[in-house]
Amino acid sequence: MTTEEQIAIRRAEPWREELRKSVKAKDRSNMERVRMNELDAARRSHTNEEVNAGLTLGQARKEAQRCLDCAKPACMEGCPVSINIPTFIKYVEAGEILEAAKVLKETSSLPAVCGRVCPQEKQCEARCIHLKMKKEAVAIGYLERFAADYERTSGHVFIPEPDRPNGVKIAVAGSGPAGLSFAGAMAKSGYRVTVFEALHEIGGVLKYGIPEFRLPNEIVDVEIDVLKRMGVTFLTNCIIGKTITYEDLRNDGFRGIFVASGAGLPNFMNIPGENLTGVMSSNEYLTRVNLMDAASPESDTPVLTGKKVAVIGGGNTAMDSVRTALRLGAERSMLVYRRSAEEMPARMEEVKHAREEGVEFLTLYNPLAYIGDAQGRVKQMRLQKMALGQADASGRRRPVPVEGAIETIEADEVIVSIGVSPNPLIPSAFRGLDVSKRGTVVVNESTMQSSLCDVYAGGDIVRGGATVILAMGDGRRAAAAMHERLKIINRQ
Amino acid sequence: MNKIVSKEYFSAHVVKLEVEAPLIARSRKAGHFVIVKTGEKGERIPLTIAGADLEKGTITLVIQAVGGSSRKICALRVGDEITDLAGPLGRATHIEKAGTVVCAGGGVGVAPLMPIVEALHQAGNRVIAVLAARSKELVILEEQMRLHSDEVIVMTDDGSYGRKGLVTDGVESVINREKVDLCVTIGPAIMMKFVSALTKKYAIPTVASLNTIMVDGTGMCGACRVTVGGKIKFVCVDGPEFDAHQVDFDEMLMRLGAYRDIEKK
């Protein structure tokens, strides 16, 4: 059966036809999009509490009414893990929230996570039919989060039933979004999945990178627990390529390996003063605060806190860092970005939240150098004023220096957040693995298979630096392809 | 997991632990390090592996109690478990026959130097170990070093044992009497800086094993970055060993002090 046929069959279920007819399409279209409930900016900028508070049941059901339940739902094409969006939304409208949550889990291992951190405005919601009629898109992301949260707090968490165990051992290197998504899909198909994690915590970037105020650890742990209950084994402090080699895995009977070892070495700008103390990567800053809980007095891990903190970059990680600095008591929390606010790759919601909380945006500035005190601690930064020139390869207008416009600004902490390179451990340890010049693992884009026939890869180790949902999509695709391959081998 | 099977005090503040870690014992080579975390809210700190016993499935760590986290590790008793232990990390020492090699270790740096001395000796090098400490009580692993090297020179700051003087005095005395083809040095950053300056004067290739601040230790955070030959290098994945003559030790010393004022008790 094709995907289109599956969509059509579910859409034709009697309850759903009835529901569709209960409100006129025109009336659905004329309803206003729901607004997310948020903590007050003044309060939240000093706590780690989650900023978005979620929707109420009433808000969610009303928002679900806005969905026209299209025959050809374009939103689904915008979803990297192909969630059956109209089906889950119509269950929300009908008040069958646990059913809605089940639909999410059919194709997504981390719905409560995606409902929070996916850039829906660029994916599913960007394809919503309402946009063509100059209306706001259905708040698919808010509804996804609502259904997942409702299920979690209901005490009736649904555990997908795996197929009959086939005894085939599969290894996953890395427990971030790509690894978890892959593990969930393979466990569902009956495989014996072991996830190896280099750090002491499971969750990868969901734990060390994304802060509590955007994605509480508790939410991640609940989703991991579902995988454990589906039979997935997790092993922390085990570094594939170091503690256990590729050959060890093969000798231990692992028939397939999925490499999802994620982002690695932080990029720096190679400008004077970048190695002063108080200058660090966003990876280091966020890992200290999120994974090691360094801001808590109970933690042994220290973190430098500045009064005047500058974060360099314009992505989501930069936003996470600059908002973390506020919460750690910075008097001035500045975002330094070389283009204008319009070109920022960060989600609009994050930019909005940062502004509300008091982050200062120093757009069209590029750091030239950092200046330290006698002890080697950064105290100032020299910034070059920029202007926008012609569009570059990315389609964004290229920033060019304004001659002679150089400013010196006080900053006693600088967080460099200009991207990362892939983690080098596995690419350098697996003999025969094709690696690009940038250090990414080379794969067939549709199967995610690498140059080693039993090794598949996905997420940032393949993409260099992407989003949680793209990593999850890779995990699903790799699982489907590896499953097909192993089925064929087993038949022979 | 990670159970401590033996503990020995080398001195009041220096402890040798043998820890159950069969997978690491199997895969580690000279020069590798591990990340150790003690307690749920513990700090991740790098420690270079000082040895391994394949039969027992253990690795050996030598720790000096200098800060909160190392004191916590030193306080562990036989039967206790290390909460989190991950490795082996870093690149292994490049072992080849170079000829005459001087291995200069200072303080607890002598412990991670041990497997390198062993490997170099096995590879057919003439190995001269120069072990330096502040005083007699702080000299460690002398007997074991003698087993795996052609000569051991002990230097103490106060002259309470061996010869009086710094590690550099010992190294220079060898250079003055015979041709040295390679020098390997592990110890406090300031010591490696001076060893490096000395061998540079004599144009003797020198390798230093750097022990910088790390958080994850797996090539992610960049806290361990050092400048080597004018370029940023990450100790956890590019090192821990580098051409000592190219290392910016002054910058490294400054970066090691980043948390001095706020280190937690």
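All chains are named by letter (A, B, ...) in the order of the sequence lines, taking the proteins before the strands, and each is independently numbered beginning at 1.
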*Asks:* So, are A:R288 and A:D293 salt-bridged, with charged N and O less than 4.0 Å apart?
*Replies:*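 Between A:D293 and A:R288 there is no salt bridge, as every charged N stays at least 4.0 Å from the carboxylate O atoms.
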*Asks:* Quick check against the 3.5 Å criterion: does B:S70 have a side-chain atom that pairs as donor or acceptor with the backbone of B:G67?
*Replies:*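 Here the side-chain-to-backbone pair exists.
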*Asks:* May I ask you to check if A:K169 and A:F254 form a cation-pi contact, with NZ or CZ under 6.0 angstrom from the six-membered ring centre and within 45° of the axis?
*Replies:* yes
*Asks:* Of all of A:N283, A:L425, A:L265, which one pairs up most often with chain B through heavy atoms under 4.5 Å apart?
*Replies:*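 Top count of heavy-atom pairs under 4.5 Å with chain B: A:L265.
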*Asks:* Taking side chain as everything from C-beta outward and backbone as N, CA, C, O, which of these in B:L85 sits under 4.5 Å from a heavy atom of chain A? Side chain, backbone, both or neither.
*Replies:* backbone
*Asks:* Quick one: sort the A:Y246 and A:F430 rings into parallel, tilted or perpendicular, breaks at 30° and 60°.
*Replies:*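 It falls in the parallel class, under 30°.
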*Asks:* With a 4.5 angstrom heavy-atom cut-off, could you sort out which part of B:R225 is near chain A: side chain, backbone, both or neither?
*Replies:*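 Just its side chain gets close to chain A.
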*Asks:* Would you mind checking if B:D248 and B:K193 are paired as a salt bridge, meaning a charged N to carboxylate O distance below 4.0 Å?
*Replies:* no
*Asks:* At a 4.5 Å cut-off on heavy atoms, which part of B:K72 comes close to chain A: side chain, backbone, both, or neither?
*Replies:*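 Side chain only.
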*Asks:* Mark yes or no for whether A:H200, through its side chain, and B:D84, through its backbone, hold a donor-acceptor pair below 3.5 Å.
*Replies:*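 Flag not set: sc A:H200 to bb B:D84 has no pair under 3.5 Å.
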*Asks:* Could you name the residues of residues 366-378 of chain A that have a heavy atom within less than 4.5 Å of a heavy atom in chain B?
*Replies:* A:Q375, A:G376
*Asks:* List the atom pairs, donor and acceptor, that lie under 3.5 Å between side-chain atoms in residues 184-192 of chain B and the rest of the protein, sequence neighbours left out.
*Replies:*
unit_1	atom_1	unit_2	atom_2	d
B:T185	OG1	B:A104	O	3.2

*Asks:* Please flag which part of A:A198 lies under 4.5 Å from any non-hydrogen atom of chain B: side chain, backbone, both or neither.
*Replies:*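 For A:A198, backbone and side chain are both near chain B.
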*Asks:* With sequence neighbours left out, what residues match B:I45 under side-chain contact (heavy atoms from CB on, under 4.5 Å)?
*Replies:*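 B:I45 satisfies side-chain contact (heavy atoms from CB on, under 4.5 Å) with B:E43, B:S69, B:I73 only.
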*Asks:* Which answer fits A:L304, side chain, backbone, both or neither, if we ask what part of it has an atom under 4.5 Å from a heavy atom of chain B?
*Replies:*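 For A:L304, heavy atoms of backbone and side chain both lie under 4.5 Å from chain B.
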*Asks:* Could you list which of residues 266-281 of chain A have a heavy atom closer than 4.5 Å to any heavy atom of chain B, in residue-number order?
*Replies:* A:P266, A:F268, A:N270, A:E274, A:N275, A:L276, A:T277, A:V279, A:M280, A:S281
*Asks:* Is chain B contacted by the side chain of A:L199, its backbone, both, or neither, given a heavy-atom distance below 4.5 Å?
*Replies:* both
*Asks:* Considering only NZ, NE, NH1 and NH2 on the basic side and carboxylate oxygens on the acidic side, decide whether A:E298 and B:K41 come within less than 4.0 Å.
*Replies:* no
*Asks:* Between B:L256 and chain A, with a heavy-atom cut-off of 4.5 Å, which part of the residue counts as in contact: side chain, backbone, both or neither?
*Replies:* neither
*Asks:* Check each atom of B:R28 against the heavy atoms of chain A and say whether the ones under 4.5 Å are side chain, backbone, both or neither.
*Replies:*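 Neither part, no heavy atoms under 4.5 Å.
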